[in-house]
Amino acid sequence: MTYDLIIIGGGPAGAAAAVYASRKRLQTLFITAEWGGQSVVSEKIYNWIGTTALSGNELADNFKKHVMANAEGIVGAESAGSPGSTLRVKEGVKVTGISKNDSVFSVKTEMGEEFLAKTVLITTGSSRRKLEAKGADRLEHKGLTYCASCDGPLFADMDVVVIGGGNAGFESAAQLLAYCKSVTLLHRSDSYRADEITVAKVLKNPKMKAVKNVEILEVKGDKFVEGIVYKDKTTGATTELKVSGIFVEIGQIPNTDFAKNLVPLDSIGRIKIDAWSQKTEIPGIWAAGDCTNVLYHQNNIAAGDAVRALEDIYLHLNAR
Ligand SMILES: Cc1cc2nc3c(=O)[nH]c(=O)nc-3n(C[C@H](O)[C@H](O)[C@H](O)COP(=O)(O)OP(=O)(O)OC[C@H]3O[C@@H](n4cnc5c(N)ncnc54)[C@H](O)[C@@H]3O)c2cc1C
């Protein structure tokens, strides 16, 4: 069978697209490795519109329930779905490649399966680049975090560190300065990648400190973060800072490897899209959410972008 559409990814973008695809009665296959996306690890999400607060796990459950209420069922499993629906769901499996033959796309999975479709929507998001330093893995979510807007308020009146000298690092620092006792930004090189206006504005705050040319050696703490040890790369001197929170902003790694042989990516691996329609440079493939080269990445934005893509895919299939 050749589907109208294959959606890849089960975060907010993919889930939103799946619900819209089903309601538009497109013959759709939805494939995801996991449900919920990146913020599934968050204890509380306060800005998912229409919900005052919910955990990342609740968000993932809600996505699955909403998609399954519009789906025929899960491929290869007994599952409660909606008989007669045009949406089929394949969960727990990764897509490993996409290719194009004439006007039909072939999507392959790690299980060796192949699915065909007239159009593809990629919503595979991204993963945070992880801090590689002693203790960093062990203390993740125990004071070491990758999201200031989610976890920042838990560190009110405490001393914290931000690692990273790009816009994300400085914007995280700006948020944290609103309620933390002090914020120290540690950056690995001699110059910041963030724009000058943001840097100047953030560094002006009396609660803010910044140290350049730094190598992070160790995150210290027993059950929770208690400090961080870094080396000054110019002098070789090591310093230990007592802090309760560490916010890591050293970049994202888009989950786009499987598409790179077909779909043009930017210099950091994000899928290049036309923000008007979410089209990629390959006719028949759209992308939305954190795997794309848009400026801001949030749950609501990912869902909205995917809905825009779906509207355009529908017109492409039915009216153009
Ligand atoms: C710790 C953390 C907390 C956050 N908290 C908030 C918050 O409070 N509020 C907010 O608005 N934003 C928050 N964000 C940002 C938000 O999570 C992202 O902007 C959003 O998840 C992007 O959605 P997405 O659907 O584009 O991609 P993702 O959420 O990254 O989802 C990608 C999906 O694709 C699947 N996938 C990946 N590769 C493959 C593959 N090869 N084959 C099949 N499936 C694949 C994944 O399993 C996943 O289901 C947070 C981010 C992080 C890291």
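What's counted below: heavy atoms across the whole structure, side chains too, no hydrogens, waters or symmetry copies. Whatever order the structure lists them in is the order used to number ligands and atoms, beginning at 1. In this text the structure is predicted, and so the values were computed from the model without any measurement.
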Exercise for review: Nearest 0.5 Å please: distance from the CD1 atom of Ile98 over to the CD1 atom of Ile8.
Suggested key: 4.0 Å

Review point. Looking only at side chains, do Ser127 and Asn255 share a donor and an acceptor under 3.5 Å apart?
Key: yes

**Study point:** Contact residues of ligand 1, where a non-hydrogen atom lies under 4.0 Å away
**Key:** Ile8, Gly9, Gly10, Gly11, Pro12, Ala13, Thr32, Ala33, Glu34, Gly37, Gln38, Ser39, Val41, Ser42, Ile45, Asn47, Val93, Lys94, Val95, Thr123, Thr124, Gly125, Ser126, Arg128, Cys147, Cys150, Asn255, Phe258, Gly289, Asp290, His297, Gln298, Asn299, Ala302

Exercise for review: Using only heavy-atom distances, determine whether the side chains of Asp305 and Thr292 contain a donor-acceptor pair under 3.5 Å.
Suggested key: no

Practice item. Is it possible for you to say whether Ile301 and Leu59 belong to one hydrophobic cluster, with membership spreading through side-chain heavy-atom contacts below 4.5 Å? Key: no

Review point. Can a donor-acceptor pair be found between the side chains of Gln252 and Asp290 at a distance below 3.5 Å?
Key: no

Revision key, fill the gap. To the nearest 0.5 Å, atom CD1 of Ile282 lies from atom NZ of Lys272 at 11.0 Å

